[in-house]
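Below you'll find the structure, written out as C-alpha cells, and then a few comments.
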Amino acid sequence: MPASMMQLSLDGVTGLTGVREGAQRRWQNTGWPDHRAEQWRFTRLSGLQKMDLRFAESVAIKAENREFSAAMPDNAAFLSFSNGVFDQASLDNLPKGVKASQLDGDEVTLLAVAELVPQSHPISDLSLAAMTSGIHLEISGSVEIPIVLAFTGDDNSLSAHPVVSIKINDGASVVIAEWHRSNVGLSAPLMAIEVGKKARLDYAKVQQDSAASTHLAATGLKLGDGSIFDGFQISVGGKLARLETHITLAGENADCTLSAIYLGRASQHHDITTNMNHLKGHCLSSQVIRGVLDDKARGVFQGKVHVAPDAQKTDGQQMSRVLLLSRKAEADAKPELEIYADDVLCAHGATVGELDENQLFYLASRGIDAQTARAMLISAFLDDAIDSIKHDGLSAMLRPITTAWMTDVDLNSAGEL
C-alpha cells in the first residue's frame with residue numbers, strides 16, 4: 001500500500017470491496033477534519049499533512065513481549081502487532097475460550113465492526129480502508145488468563161492501521177489489556193467490542209508510544225443487558241495523542257466505568273474524548289478523568305453523555321480534574337449532558353488547579369525533599385482514578401507507569417519496573 005499520507009489520499013490502496021471500499025470513499029470525500037469541526041477544535045491535525053508517511057505492508061515481526069511481561073498480570077497471553085502488522089505466530093498463545101480469525105475478506109464481521117466504531121469518523125474510515133492487519137476474537141465462558149494486545153514498531157516513516165474486533169458472548173468474562181509502545185509515525189488503531197448479555201469485560205489501554213509518534217485511536221463498544229464494562233485508559237506517550245471511545249449502553253441494567261489518566265510534559269498534546277450513549281433504562285455510567293500537565297503540555301477532555309427518551313432511571317456521572325505543574329501548560333474541558341428522559345440522575349464537572357503550596361511546605365517541614373513531596377501530592381491526586389479499577393492485576397500494571405512519570409524515569413523502561 002504505497003499511498004502517501006502527505007496527499008491525504010487512499011488512491012494507492014486498490015482492490016477494495018464492500019465495507020472497506022465504502023470507508024475509502026468516505027475518507028476521500030472528507031479527509032482530516034479542520035478547525036471548523038467542533039469535535040476537533042481542541043486537537044488540530046494540520047501537522048499530519050506535513051508528514052510523509054507510507055502505509056505499512058508485510059514487515060518482519062519482532063518478538064518484543066519481554067518488555068511488557070514484567071508489568072502484566074501473571075500468565076498473560078500476548079497477541080502481537082509490529083508496525084501495525086499482526087504476528088500470526090502469537091495465535092499459539094490463545095487461552096481456552098478464545099477463538100481468532102482474520103478480518104480481511106470476512107464481510108459480515110467487517111460490517112459489524114463498521115457499525116460498532118464511531119460513525120463518520122476519520123480514524124474509523126481511514127483505518128478500515130488502509131487496514132494493515134485485522135483480527136476478530138470471540139470469547140466464550142470465563143477466560144482465566146488475561147489477554148494482552150501488544151503494539152510495537154520501529155519505523156517512524158510508517159502509518160499503522162491495525163483493526164481488532166472482539167465479541168464477548170453472553171455470560172462470558174475476560175480481562176484484556178491494550179498496550180502501545182510504538183515508534184511509528186502515525187498509529188491509528190481501530191477497536192470494535194461487543195459485550196453480550198450478563199458478560200463482563202475488564203479492560204485497560206496504555207498509550208506509551210515514543211515522543212516522535214502521533215497516536216489517534218478510535219474505539220466503539222456495545223453493552224448488552226446486565227453486562228459490565230470496567231475500563232481504564234492512560235496516555236503518557238506520543239507528541240500528539242487522542243483516545244476516542246464511543247460506548248452504547250444498548251441493554252437494560254448495563255454497568256459501565258470508563259476512567260482515564262493523561263500525563264503530559266514538554267510540548268505533548270493529550271486528548272481524551274468519550275461519548276456515552278444511554279439507549280435503555282436502569283443503566284449506570286461513570287467516568288473519572290485525571291490529568292497532570294507540565295512544561296508547555298496541553299490536555300483535552302471531551303465527554304458527552306446522551307440519554308435517550310426510553311432510558312429512564314439512568315445514572316450518568318463524569319468528572320474531570322487537571323493538575324497544572326507549569327503556568328505554560330493548558331487544559332481544556334468540555335463535559336456535556338444531552339438528556340431526553342425525565343427520570344434520571346446525571347451530573348458532570350471539571351476543575352483545573354495547581355499543587356497546594358501549603359501542603360508542599362508542610363511536607364518540606366517534615367524533612368521530605370521537594371521532588372518526593374511533589375510526587376506524593378501528584379500520586380494522591382491520581383489515586384482515586386486508579387482506585388476505580390476493580391481488577392487488581394490491571395491496577396498493579398498501571399501504577400509503575402505513573403510512578404515512572406512522576407520520578408522522571410525514562411518511559412521506555414517503565415514497563416520493566
Side-chain angles (χ1 to χ4, degrees), residues 68 70-73 177 179 181 202-208 211 230-238 241 243 257-266 268 270 272 286-301 318-331 333 349-417:
F68 297 94
M72 287 305 304
W179 203 325
R181 296 183 67 172
D202 290 275
Y203 195 86
K205 171 169 181 170
V206 178
Q207 187 283 113
Q208 204 176 10
D230 186 26
F232 192 90
Q233 301 175 329
I234 183 167
S235 184
V236 294
L243 279 55
T257 300
L258 179 62
S259 297
I261 286 175
Y262 60 82
L263 305 172
R265 56 165 52 102
Q268 283 183 301
H270 292 289
I272 303 293
S286 175
Q287 299 177 73
V288 177
I289 312 298
R290 296 291 180 268
V292 183
L293 300 171
D294 204 353
D295 305 318
K296 296 181 180 180
R298 184 177 183 182
V300 176
F301 169 66
Q318 58 176 336
M319 185 64 192
S320 168
R321 291 195 173 100
V322 182
L323 193 60
L324 300 182
L325 306 181
S326 165
R327 293 296 175 91
K328 296 181 179 180
E330 179 181 343
T351 65
V352 178
E354 300 176 317
L355 286 175
D356 191 316
E357 293 294 336
N358 291 328
Q359 293 177 345
L360 287 171
F361 177 79
Y362 174 82
L363 293 173
S365 70
R366 295 300 185 270
I368 299 174
D369 65 86
Q371 183 178 6
T372 302
R374 186 170 176 263
M376 289 173 65
L377 293 182
I378 297 172
S379 178
F381 174 75
L382 298 176
D383 271 350
D384 62 339
I386 296 181
D387 288 345
S388 70
I389 305 171
K390 298 180 179 65
H391 190 275
D392 292 339
L394 293 180
S395 61
M397 174 190 78
L398 297 171
R399 289 189 185 277
I401 299 171
T402 60
T403 301
W405 189 90
M406 289 184 291
T407 54
D408 286 331
V409 173
D410 181 4
L411 288 176
N412 288 328
S413 64
E416 298 177 354
L417 292 179

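All residue numbers in this chain count up from 1 along the given sequence. Side chains are part of it too, since the values below use all heavy atoms of this structure and drop only hydrogens, waters and symmetry mates.
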Heavy-atom closest contact (F232 atom, A385 atom, distance): CE1-O, 3.3 Å
Minimum side-chain heavy-atom gap M406-Q371 below 4.5 Å: no
To the nearest 0.5 Å, tell me how far L323 CG sits from L355 CG. 4.5 Å
Do side-chain atoms of Q268 reach the backbone of G238 as a donor and acceptor pair under 3.5 angstrom? yes
About how many Å separate CD of Q207 and CD1 of I401, when rounded to the nearest 0.5 Å? 10.5 Å
Using side-chain heavy atoms (C-beta onward) and a distance below 4.5 Å, is L394 in contact with D202? yes
Does this structure show an ion pair linking K296 with E330, if we count only N-O contacts that are shorter than 4.0 Å? no
Evaluate V292 against V322 for side chain to side chain contact (heavy atoms under 4.5 Å, CB included), listing each step before the verdict. CA-CA 6 Å; V292 183; V322 182; over 6 Å; no
Side-chain heavy atoms of I389 within contact of T257, under 4.5 Å: no
Test of understanding: with side chain to side chain donor-acceptor pair (under 3.5 Å), list the residues that count as partners of Q318, not counting sequence neighbours. none
With distance as the sole criterion, is a donor-acceptor pair present between the side chains of T372 and D369 under 3.5 Å? yes
Could you give all pairs that pass the salt bridge (charged side-chain N to carboxylate O under 4.0 Å, His left out) test and reach residues 377-387, with sequence neighbours left out? R290-D384, D383-R399, D387-R399
Do R321 and T351 have side-chain heavy atoms sitting under 4.5 Å apart? yes
For residues M397 and V206, determine if any side-chain heavy atom of one lies less than 4.5 Å from a side-chain heavy atom of the other. yes
Distance from L382 atom CG to T403 atom OG1, nearest 0.5 Å? 9.5 Å
Looking only at atom types and distance, does a side-chain atom of D295 sit under 3.5 Å from a main-chain N or O of A266, one as donor and one as acceptor? yes
How far does CD of Q287 sit from OG of S259, to the nearest 0.5 angstrom? 8.0 Å
For the pair L325 and R374, evaluate side chain to side chain contact (heavy atoms under 4.5 Å, CB included) and give the outcome as yes or no after the intermediate values. CA-CA 10 Å; L325 306 181; R374 186 170 176 263; 3.1 Å; yes
Does the pair V236 and T402 meet the rule for a side chain to side chain contact (heavy atoms under 4.5 Å, CB included), with working shown? CA-CA 9 Å; V236 294; T402 60; over 6 Å; no
Expected output: side-chain D230 to main-chain K390 donor-acceptor under 3.5 Å: yes
Using only atom types and a distance under 3.5 Å, with no angle test, would you say the side chain of H270 pairs donor to acceptor with the backbone of L263? yes
Taking Q359 for its side chain and D356 for its backbone only, find out whether a donor-acceptor pair lies under 3.5 Å. no
Quick check against the 3.5 Å criterion: does Q233 have a side-chain atom that pairs as donor or acceptor with the backbone of A260? no
For the backbone of G264 and the side chain of R298, can you confirm whether one donor and one acceptor N or O come within less than 3.5 Å of each other? no
Could you give the distance from CD1 (I272) to CG (L258), rounded to the nearest 0.5 Å? 8.5 Å
Look up atom CD1 in I289 and atom CZ in F301, then write down how far apart they are to the nearest 0.5 Å. 4.5 Å
Are side-chain heavy atoms of W179 and K205 found at a separation under 4.5 Å? no
